[in-house]
Chemist: 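Quick one: structure below, then a few questions.
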Amino acid sequence: MARIIVIGAGITGVTAAYALLSRGHEVTLVERHRYPAMETSFANGGQLSASNAEVWNSMATIAKGLRWLLRPDAPLLFNPRPSLHKYSWMAQFVGAIGRHHANTVETTRLAIAARRHLFDIAEREGIDFDLSRCGILHFYRDAETFEAARRGNVLLREGGLEREEVSPADIARIEPMLRGDFCGGFFTPSDSTGDIHKFTTGLARACARLGARFVLGGEVDGIALRPDGVSVRLQAAGGLGEGSDTGRLQDFSTDDLGAETVVEGDMVMVCAGVASRALAAKLGDRVNIYPVKGYSITVMLNDDESRAAAPEVSLLDEDAKIVTSRLGADRFRVAGTAEFNGFNRDIRADRIRPLVDWSERHFPGMSTRQVVPWAGLRPMTPTMMPFVGRGRHPRVFYNTGHGHLGWTLSAITAELVAQMIPPDEAEQRRSA
C-alpha cells in the first residue's frame, strides 16, 4: 500500500487519514499546531446540516451584501481594501451564479451521504462528541425571505432531503424556549449537531491506534516531488524545538520534531484549510480558497435555570444568519457572520456582541454571565464546492475548500478522495 502524507489535522485531514488507514495505507499526519483540530475545527456552529446546503452564489446574496456594507453589526462584513486575491475570488463567485441550482443539489446529496459515514465512524470507534439528533429548525421573520427559502427548499428536496414547512405555532411546539415573532420556517428532523473538536480529536486517537504517525508543531517549509516519492520539509513552529516530546503531549505515536524534519512518502494529500492555496502553489496547482472568518460564542450553562431555558433543538435564524447547537447539558454554541478580511484572526468585540445580544433576546431565561468567544477562518472556494481530487502531479491529492460545511461534508469527501488511490495503482507508483 502507499505511504501517504496528509497535511492538516483538522476535520478534513483526520477523516481522510482514517479513510486511507481503513484501506490499508500508511499515513503520516503533519500539523503545524501542537494538537489536532485547533483552527476551524475547534469551535464552529456544530451543525451537521444538509438543510444548510444551498450555495451562496446568487444575486440575492449579492444584494444583501450590498445592503449590509454600512452596517457594523451586519451578518456579512467586507473589507474593501484592495486585494487581487479577494476581488478575483469575488469575480469567480459571481461567475458561478449560473451553477447555483446544480451545486446546491450536489451539495445536498453529499451532505446526506456524509451523515451515514460519520455516524458509522463514531459508533465503530466509540467517539463521544455530544451528538444530538433533535433536528434543525430554520425560522424567518421576513415574508420575502421566507418566500425565497421556499424556492431554495425545492432544490434541497431535489437533492433528496426530507424537510417540512412549519407554521409559527409549529415553531413554538418544536422549540418552546425560543422567543420571537416569526412568519414561518422549515424543520429537518434528520439533521443533527455535535462538537467538531471532540469528534476530530477522538478520531485522531483512533487513527493513532490504527498506526498513523503524527508530526505535530511543524510548518511546511517545502515539498519535493520526485519520480519515486514525495518529501515534505518541516520547520518547528509554535515554540516546539528540538527534543520536544510531542508524542507524550498528544497521546499520539510520533517522533520528536527537530529544528528541521523531513517526512518521506509516496504521495501527499493537502487538507490544510485556508493554507491550502499557498501549498497548492508550491505544487504547481491553483486552488482558489479565500479565508472567510466566522465567529462563535459558547454560553456556559452553569445553573439549572440556564440549562432549562436553553434550547434543545438546533436553530438557524435565516435573517440574522446565526446558527445554534446544544452541546451536552452544560454548553450552548451560537455562531454566525461572514467576514472577508484576509487572514485576520482577531476576535472583535463588535462582532461577538451581536451573538450575545441575539442569545439574550431569544432566550431571556438563560444566563450569559460566562461566554467563551472564538473566531476561525473558513476555507471557501468561489463555487462553494470543496476541492476534492488529484493535482497536476500524479502524487498530489486535495481534500480542502469545504467552507462553512466542512463538518457536514468531511466524512464523504474523505471517502471520495481515498477511493482515488486504488491499491494496485499505489503499489505501482511505489515501485516505479
Side-chain angles (χ1 to χ4, degrees), residues 6 8-19 21-22 29 31 33-52 110-136 188-210 212 214 250-252 271 273 294 296-301 307 310-316 323-335 372 374 376 378 399 402 404-415:
V6 176
I11 185 63
T12 57
V14 172
T15 50
Y18 184 81
L21 290 162
S22 299
L29 275 142
E31 168 59 49
H33 290 285
R34 296 178 66 164
Y35 311 93
M38 292 304 292
E39 290 209 10
T40 314
S41 301
F42 186 75
N44 74 348
Q47 290 188 335
L48 293 159
S49 52
S51 60
N52 200 22
L110 288 172
I112 293 170
R115 176 192 300 155
R116 182 182 71 255
H117 286 286
L118 189 138
F119 291 163
D120 288 347
I121 291 169
E123 184 176 358
R124 187 183 310 123
E125 301 300 339
I127 301 172
D128 175 14
F129 62 106
D130 293 325
L131 172 65
S132 172
R133 302 198 194 196
C134 290
I136 294 180
T188 312
S190 59
D191 275 346
S192 56
T193 60
D195 188 325
I196 187 174
H197 183 74
K198 290 179 70 173
F199 178 87
T200 308
T201 301
L203 187 57
R205 292 195 176 97
C207 288
R209 291 194 299 270
L210 293 170
F214 284 77
Q250 312 305 326
D251 296 328
F252 301 135
C271 308
S296 78
I297 59 172
T298 303
V299 182
M300 308 308 293
L301 308 175
R307 286 189 283 271
E312 295 290 341
V313 173
S314 179
L315 306 171
L316 198 156
V323 305
T324 76
S325 298
R326 183 71 176 265
L327 302 177
D330 302 326
R331 293 181 299 152
F332 178 53
R333 179 73 47 76
V334 183
V372 181
W374 174 83
R378 309 179 187 101
N399 181 32
H402 294 63
H404 67 298
L405 292 177
W407 183 210
T408 297
L409 299 179
S410 57
I412 188 61
T413 61
E415 290 293 317

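From a predicted model like this one, the values you see are computed outputs, not experimental measurements.
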Chemist: Any non-hydrogen side-chain atom of Y35 less than 4.5 Å from a side-chain atom of T201?
Modeler: no

Chemist: I'd like to know whether R124 forms a side chain to side chain contact (heavy atoms under 4.5 Å, CB included) with Y18, so could you lay out the CA-CA distance, the side-chain angles of the two residues, the decisive distance to 0.1 Å, and finally the verdict.
Modeler: CA-CA 12 Å; R124 187 183 310 123; Y18 184 81; 3.0 Å; yes

Chemist: Using a 4.5 Å cut-off on heavy atoms from C-beta on, say whether the side chain of R333 contacts that of V323.
Modeler: no

Chemist: In a check of side-chain hydrogen bond (donor to acceptor under 3.5 Å, both in side chains) between D191 and each of S314, S49, S51, which one passes?
Modeler: S51

Chemist: Please name the pair of heavy atoms, one in A212 and one in L21, separated by the smallest distance, quoted to 0.1 Å.
Modeler: CB-CD1, 3.8 Å

Chemist: At their closest point, which heavy atom of V6 faces which heavy atom of G13, and how far apart are they?
Modeler: CG1-O, 3.7 Å

Chemist: Only counting residues at least two apart or in another chain, list the ones meeting salt bridge (Lys or Arg N to Asp or Glu O under 4.0 Å) with R378.
Modeler: none

Chemist: Applying ring-ring contact (aromatic ring centres under 6.0 Å, His included), name anything that partners F199, two or more places apart in sequence or on another chain.
Modeler: F129, W407

Chemist: Supply the atom-to-atom distance I121 CD1 to I127 CD1, rounded to the nearest 0.5 angstrom.
Modeler: 7.5 Å

Chemist: So, for L29 and A17, which heavy atoms are closest and what is the spacing to 0.1 Å?
Modeler: CD1-CB, 3.7 Å

Chemist: Hey, what do you get for NE2 (H197) to CG (L327), rounding to the nearest 0.5 Å?
Modeler: 12.0 Å

Chemist: To the nearest 0.5 Å, how far apart are CZ in F332 and OG1 in T298?
Modeler: 10.5 Å

Chemist: Using the salt bridge (Lys or Arg N to Asp or Glu O under 4.0 Å) criterion, which residues pair with E415? Sequence neighbours excluded.
Modeler: R23

Chemist: S22: which residues meet the side chain to side chain donor-acceptor pair (under 3.5 Å) condition with it, sequence neighbours left out?
Modeler: none

Chemist: List the atom of G45, the atom of S325, and the distance in Å for their closest heavy-atom pair.
Modeler: O-OG, 2.5 Å

Chemist: Could you tell me which residues satisfy salt bridge (Lys or Arg N to Asp or Glu O under 4.0 Å) with R116, sequence neighbours excluded, listed by chain and number?
Modeler: none

Chemist: The test is side chain to side chain contact (heavy atoms under 4.5 Å, CB included); show your working for N52 and L316 and say whether it passes.
Modeler: CA-CA 9 Å; N52 200 22; L316 198 156; 3.8 Å; yes

Chemist: Can the positive tip of R133 be found less than 6.0 Å from the middle of the six-membered ring of F119, inside 45° of the ring normal?
Modeler: yes

Chemist: Partners of H117 by ring-ring contact (aromatic ring centres under 6.0 Å, His included), sequence neighbours excluded?
Modeler: none

Chemist: Which atoms form the tightest heavy-atom contact between P36 and A204, and what is the distance?
Modeler: CG-CB, 4.0 Å

Chemist: Testing the basics here: between S296 and A335, what is the closest heavy-atom pair and its distance to 0.1 Å?
Modeler: CB-CB, 3.7 Å

Chemist: Atom CE of M38 and atom CD of E31: how far apart are they, to the nearest 0.5 Å?
Modeler: 9.0 Å

Chemist: With side chains defined as the heavy atoms from C-beta onward, is the minimum distance between V313 and S132 less than 4.5 Å?
Modeler: no

Chemist: Are any of the side-chain nitrogens in R326 or D130 under 4.0 Å away from the carboxylate oxygens of its partner?
Modeler: no

Chemist: So, taking the atom named CG in L48 and the one named OG1 in T193, what distance separates them when rounded to the nearest 0.5 Å?
Modeler: 7.5 Å

Chemist: To the closest 0.5 Å, what do you measure between CG (L405) and CG (N44)?
Modeler: 10.5 Å

Chemist: Just by distance, no angles: are the side chains of H402 and T12 close enough, under 3.5 Å, to form a donor-acceptor pair?
Modeler: no

Chemist: Taking C-beta and beyond as the side chain, do D330 and M300 meet within less than 4.5 Å on heavy atoms?
Modeler: no

